[in-house]
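The figures here come from the full heavy-atom set of this structure, side chains too, leaving out hydrogens, waters and symmetry mates.
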Amino acid sequence: EARGTLPAHVNEQPARLGLPTTWNAAARAEASAAAASELDPRGLDLREVPTVAIDAPGADEVDDALSFFVHEGRPHLAIHIALPRIEVEGALDKAAAARATSVYFPEQTLPMFPGEITQRFGLEAGQEREALTYLAPLGAEGLPEAGRFTRARVRVDRHLEFTSADQDPLGKEVIEGLRPAVEALNARRLARGAFLHRTPNLKIEFDASGAPEPRLLSVEGPAQDLVSELMIFYNERLALALAEAERSAFFRVQAKELGAPRVLEDVFAVLQGRRSLPPARVQVDPGPQHTMGVDAYVQSSSPLRRYGDLIAQRQLLSVLDDAPAAYSEDEVRELLAALPKRERRARGAEDERQRYHLSRWLRGKGRFQGRLSRRGSRAAVFLDAWQRELPAHLKRGDERPVGTWVEVEVQSAEPRRALQLRILAG
């Protein structure tokens, strides 16, 4: 790059880490065939039920949608998750497993599936789609009562953004209708000792010249609360259904109780609080997830962008269809040995690329205020302005405790090299 043989700021992460960026001919052929498939006639017809999908700005993999409606005089909740029909162990399925997840860089996305799959099976507005739906009536206290999973056919009426969903008439109707359920579910998790927190997302955008411009995306608001709480509820319900049917999946378990529940709004406190949590693990058998305040948990709400979610979905479909398990316990164990590593590789690549562009932006910006978040050889400072912890150099003999406000300046911020802050004398 320095010699001009590569474009400036080229993203080397896929090549460095071996992240797949293309599909072979067999996978492409299967994707084209799946994209041309007709709507699956099986399942409950919910196409006339008012339905909205709510996402972050720019989202193009629409995995989930929500409905609020009254049936036989009772309010009901419906959570719809996209239902891709991909042949197990086919070329396309193997390509998706090799990726394990979609990868989101500031300047590009490496999707788990080709675009025609997300277009065909994603819950796009105005399109009739297949879904794996959880239906439940709402009780007098707002809590969902005994519900059920079902195949369904749905039509999303609106695809809305978090920041403006409650300004749309239908979005507002769904949000207000489900608010008692969201509040009741949140209160129940808190009563079980959950560790609840909000963490804004750092997003790197680019100006007309290609220079990076970091900004924070808030995670506060009724739409975010709605989607977050109901996806947790859906994943808990699906995990419990798999446990009852004795189907293996990637269960996320944190078996040690946390004691008093905690609700943390300050992101620095969240960062420190996470470090005090007992370790969690992923295993093939169910168990409690005390950090989240649920009896069992499996990620299953994003099958278009996480392969582990697709595994859980296929296992539940085998239960609904009264068929043998899609995966044996040994097969799930084999997948568990590989897929989480690939997901961590992807998340690490995303973080490194974000750090790269942040370091570009930080050069020449002068001094900043932050809070000392680590000491010792891994000293770090949390910069509130970007809600990000960055490595820092702490002089020998500096005894200031973690949490102290400090003034820092950029010691090194060269792209593709270590980004480090210098903590100034206090």
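- For the pair R188 and E183, the salt-bridge criterion is not met [side-chain N within less than 4.0 Å of a carboxylate O].
- The backbone N or O of G171 lies less than 3.5 Å from no partner atom in the side chain of R158, so there is not a single donor-acceptor pair.
- Side-chain atoms of S301 do not come within 3.5 Å of backbone N or O of M231 as any donor-acceptor pair.
- With T51 contributing its side chain and V49 its backbone, the two residues share a donor-acceptor pair below 3.5 Å.
- Using a 4.5 Å cut-off on side-chain heavy atoms (C-beta onward), R306 and E343 make contact.
- Between E229 and R189 there is a salt bridge, since at least one side-chain N of the basic residue sits less than 4.0 Å from a carboxylate O of the acidic one.
- Proximity of a side-chain donor or acceptor of E161 to a complementary backbone N or O of S164 within less than 3.5 Å is not detected.
- A distance-only check finds a donor-acceptor pair linking the side chain of S32 to the backbone of R28 [under 3.5 Å].
- Counting only distance, with no hydrogens or angles, the side chain of T109 and the backbone of Y104 share no donor-acceptor pair below 3.5 Å.
- No side-chain donor from either of S300 and Q313 sits under 3.5 Å from a side-chain acceptor of the other.
- Look at E145 and R74 and you find a salt bridge, because one of the NZ, NE, NH1 or NH2 atoms lies within 4.0 Å of a carboxylate O, short of that distance.
- Here the CG atom belonging to L135 is positioned 5.5 Å from the CZ atom belonging to F69, to the nearest 0.5 angstrom.
- Here F149 contributes atom CZ and L320 contributes atom CG; the two are 8.5 Å apart, rounded to the nearest 0.5 Å.
- Cation-pi geometry between R353 and Y356 is met: under 6.0 angstrom from the ring centre, within 45 degrees of the axis.
- A donor atom on one side chain and an acceptor atom on the other are not found under 3.5 Å apart for R342 and T101.
- Atom CG of L390 is separated from atom CZ of F382 by 9.5 Å, given to the nearest 0.5 angstrom.
- Using a cut-off of 4.0 Å between Lys/Arg side-chain N and Asp/Glu carboxylate O, E116 and R120 are scored as not salt-bridged.
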### Task
Verify salt bridge (charged side-chain N to carboxylate O under 4.0 Å, His left out) between R16 and E12, making sure each step is shown before the conclusion.
CA-CA 6 Å; R16 175 182 290 173; E12 88 286 5; 3.2 Å; yes
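- Judged purely by distance below 3.5 Å, without hydrogens or angles, the side chains of R252 and Q299 pair a donor atom with an acceptor atom.
- Electrostatic pairing of D351 and R388 counts as a salt bridge here, judged by a charged N lying under 4.0 Å from a carboxylate O.
- Note: R314 CZ to L83 CG = 10.0 Å, rounded to the nearest 0.5 Å.
- Taking the ring axis of W386 as reference, the NZ or CZ atom of R215 does not stay both within 45° of it and closer than 6.0 Å to the ring centre.
- The backbone N or O of A326 sits less than 3.5 Å from a side-chain atom of Q315, completing a donor-acceptor pair.
- Side-chain contact between D384 and R371: present, with at least one pair of heavy atoms (C-beta onward) separated by less than 4.5 Å.
- The minimum heavy-atom distance between I204 and Q354, with the atom names listed, is CG1-CG, 3.8 Å.
- Between the side chains of Y307 and D93, a donor-acceptor pair is found at a separation under 3.5 Å.
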### Query
For E350 and R355, what are the C-alpha separation, side-chain angles and deciding distance, and is it a salt bridge (charged side-chain N to carboxylate O under 4.0 Å, His left out)?
CA-CA 9 Å; E350 291 171 346; R355 184 210 63 80; over 6 Å; no
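- Going from atom CG of L46 over to atom NE2 of H76 covers 11.0 Å, rounded to the nearest 0.5 Å.
- In this structure, CD in Q119 is found 11.5 Å from CG in L304, a value given to the nearest 0.5 Å.
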